Amino acid sequence: MIPIEKLEQIKQRFAFLEAKMSEGSASDDFAALSKEYSDLRPVVEKIQQYQTLLQDIAEAEDMMADPELRELAAEELPALQDSLPALEHAVQLSLIPKDEADERSAILEIRAGTGGDEAALFAGDLLRMYQRYAEDAGWKFEVMEESATELGGLKEAVINVKGQGVFARLKFESGVHRVQRVPVTESGGRVHTSAATVAVLPEAQEVDIDIPASDIRIDTMRASGSGGQHVNTTDSAVRIVHIPTNIMVVSAEKSQHRNREIAMQVLRTRLYDLKRQQADDERAASRKGQVGSGDRSERIRTYNFPQGRLTDHRINLTLYKLDQVMQGDLDEIIDALIADDQAARLAEMDP
């Protein structure tokens with residue numbers, strides 16, 4: 001049973017916000033009040049549904065004592081009681097503190113790990129997997145930076161995935177992805193184990209992170225080309241170093257102006273992620289090792305191609321549908337990870 005006092009406090013806060021907004025206020029205050037009001041509205045609607053259901057159950061139980069109404073109550077009461085657990089759970093989920101970054105777009109970084117050429121080929125497979133998932137979700141998938149190998153693999157890539165709620169869906173993809181398969185470079189048919197790393201960062205805006213010009217060093221340099229007529233002959237590549245943290249970002253597209261934009265966007269996002277990580281460490285050191293810990297050195301998933309098996313080690317989920325997963329069918333995995341995280345966060349909430 002959810003404490004009624006807690007629900008009444010939320011409803012009172014919502015009524016207060018509604019009254020303040022109807023009065024009108026300074027623009028800055030109004031924006032903050034409007035955001036909180038908008039966030040609370042679906043919570044209050046769920047609370048009202050829950051309280052109405054509790055009232056209906058109480059009335060039906062009272063009717064059971066009336067001989068004339070008992071038969072009607074006996075028909076209604078079981079259905080009302082059956083619907084209570086699901087609605088109560090929905091209210092509990094709505095009370096979980098929201099991650100303000102969940103609604104944002106995301107910067108996705110994929111890098112080949114241990115395993116040489118095979119690791120790079122697998123990194124390329126992951127890139128295509130996420131691209132297909134993004135396309136199915138209706139998101140924009142923009143490769144901002146990409147470094148390929150001669151065999152068609154991927155050394156590293158930085159992608160901007162734009163859409164509503166991208167970070168909420170992709171944030172649990174951060175970590176080490178391990179692959180077990182026979183590489184195309186293997187003539188003996190032996191299964192090799194390789195790995196690639198994935199980092200998912202909530203996209204930062206200029207208002208999130210202020211970067212003084214004195215804190216960065218910007219260098220231009222000649223971008224490496226693929227040889228022949230494609231060699232870049234101008235100093236268009238841009239490298240930005242954030243001096244306080246020593247974070248370095250490089251962009252090597254054709255346009256120097258575009259490279260500056262890309263590099264600053266990625267730098268802001270990495271600094272914003274660093275800020276979030278520090279806040280998480282201070283607030284929830286006890287959550288280390290849980291799904292949402294964000295430890296990118298953690299092996300999170302194994303893709304076993306000979307057996308068509310995918311295993312997510314954090315939640316002990318095994319699926320025998322690897323072909324579909326590599327085609328972008330990730331919803332079952334992502335939904336399970338989100339559900340596990342919600343269960344952990346519910347367990348942490350005060351009773």
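Remember, it's a predicted structure, so these values are computed and weren't measured experimentally.
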For this session: Determine, step by step, whether Y303 and L322 satisfy the side chain to side chain contact (heavy atoms under 4.5 Å, CB included) criterion, reporting the C-alpha distance in whole Å, the side-chain angles of both residues, the deciding distance to 0.1 Å, and the verdict.
Result: CA-CA 7 Å; Y303 303 71; L322 187 54; 3.7 Å; yes
Problem set entry | K98 and D39: CA distance, side-chain angles, deciding distance, salt bridge (charged side-chain N to carboxylate O under 4.0 Å, His left out) verdict | CA-CA 9 Å; K98 298 292 186 292; D39 290 343; over 6 Å; no
Problem set entry | Derivation of the side chain to side chain contact (heavy atoms under 4.5 Å, CB included) call for Q131 and E135 | CA-CA 6 Å; Q131 184 170 11; E135 289 170 351; 3.7 Å; yes
For this session: For the pair L267 and I216, evaluate side chain to side chain contact (heavy atoms under 4.5 Å, CB included) and give the outcome as yes or no after the intermediate values.
Result: CA-CA 10 Å; L267 177 60; I216 59 175; 4.0 Å; yes
For this session: Evaluate side chain to side chain contact (heavy atoms under 4.5 Å, CB included) for S251 paired with V266, printing each intermediate quantity in order.
Result: CA-CA 9 Å; S251 182; V266 174; over 6 Å; no
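In terms of heavy-atom proximity, A204 sits nearest to R268 at CB-O, 3.5 Å. Scanning all heavy atoms of the two residues, the minimum distance from P183 to R190 falls at CD-O, 3.6 Å. Between A134 and F141, the shortest heavy-atom distance links the atoms CB-CD1, 3.7 Å. Of all the heavy atoms in E88 and Y50, the pair that sits closest is OE2-OH, 3.0 Å. Residues V200 and S174 approach most closely at N-OG, 2.8 Å, considering heavy atoms. Closest approach of F172 to I300, counting heavy atoms only: O-CD1, 4.0 Å.
Counting only heavy atoms from C-beta outward, the side chains of E61 and Q81 approach each other to under 4.5 Å. The shortest distance between side-chain heavy atoms of D136 and D329 does not fall below 4.5 Å. Side-chain contact between K275 and L271 is absent, with no heavy atoms from C-beta onward closer than 4.5 Å. Considering only heavy atoms from C-beta on, I218 comes within 4.5 Å of I240 through its side chain. The shortest side-chain heavy-atom distance between E5 and E8 does not fall under the 4.5 Å cut-off. L87 places a side-chain heavy atom less than 4.5 Å from the side chain of K46. When side chains are defined from C-beta on, L7 counts as touching V91, because their heavy atoms get closer than 4.5 Å. Taking the side chain as every heavy atom from C-beta outward, V161 and Y133 never approach each other to under 4.5 Å.
The distance from atom OG1 of T193 to atom CZ of F122, rounded to the nearest 0.5 Å, is 11.0 Å. The distance from atom NZ of K171 to atom CG of D341, rounded to the nearest 0.5 Å, is 6.0 Å. The structure places CZ of R345 at 10.0 Å from CG of L93, a figure rounded to the nearest 0.5 Å. To the nearest 0.5 Å, atom CG of residue L154 and atom OG1 of residue T149 are 8.0 Å apart. A distance of 6.0 Å separates CD in E173 from CG in L330, rounded to the nearest 0.5 Å. Interatomic distance, CD1 of I107 versus CD of E145, reported as 12.0 Å (0.5 Å rounding).
With 3.5 Å as the limit, one finds a donor-acceptor pair spanning the side chains of Y37 and R41.
In this structure, T269 contributes its side chain and Q265 its backbone to a donor-acceptor pair below 3.5 Å. T302 places no side-chain N or O within donor-acceptor distance of the main-chain N or O of T311, the cut-off being under 3.5 Å. With hydrogens and angles ignored, the 3.5 Å screen pairs a side-chain donor or acceptor of R104 with a backbone N or O of E203. Proximity of a side-chain donor or acceptor of S105 to a complementary backbone N or O of G163 within less than 3.5 Å is detected.
Connection of L80 to L72 is not established within any shared hydrophobic cluster, with ILVMFWY side chains joined at heavy-atom distances below 4.5 Å, either directly or through further cluster members. Criterion: ILVMFWY side-chain heavy atoms under 4.5 Å apart, direct or through other members. Under it, L310 and V182 are not part of a common hydrophobic cluster. Under the 4.5 Å side-chain contact rule for hydrophobic residues, V191 and Y320 do not share a cluster. The cluster map of Ile, Leu, Val, Met, Phe, Trp and Tyr, joined by side-chain heavy atoms under 4.5 Å apart, puts F16 and I10 in the same cluster. L77 and L69 are not part of a single hydrophobic cluster, where members link through side-chain heavy atoms under 4.5 Å apart.
Under 4.0 Å is where a charged nitrogen must lie from a carboxylate oxygen, and between R314 and D340 no such pair does. A salt bridge does not link R270 with D273: every distance from a Lys NZ or Arg NE/NH1/NH2 to an Asp or Glu carboxylate oxygen is 4.0 Å or more. Ion pairing between a basic and an acidic side chain is recognised when a charged N comes within 4.0 Å of a carboxylate O; E142 and R258 show such pairing. Salt bridge D335/R169: present, at least one basic N to carboxylate O contact under 4.0 Å.
Heavy-atom contacts from other residues, nucleotides or ligands closer than 6.0 Å to NZ of K155 number 12 or fewer. Counting heavy-atom neighbours within 6.0 Å of K140 NZ, excluding the residue itself, gives a total of 12 or less.
Take Y130 and apply the ring pair (Phe, Tyr, Trp, His ring centres under 6.0 Å) test, not counting sequence neighbours, and it matches no residue.
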Show me the donor-acceptor pairs within less than 3.5 Å that the side chains of residues 111-120 make with the rest of the protein, sequence neighbours left out.
residue	atom	partner	partner atom	Å
R111	NE	E156	OE1	3.1
R111	NH1	E109	OE1	3.1
E118	OE2	R181	NE	2.4
E118	OE2	R181	NH2	3.3

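For the side chain to side chain contact (heavy atoms under 4.5 Å, CB included) with M144, the lone residue among N160, I159, N259, L108 that qualifies is N160.
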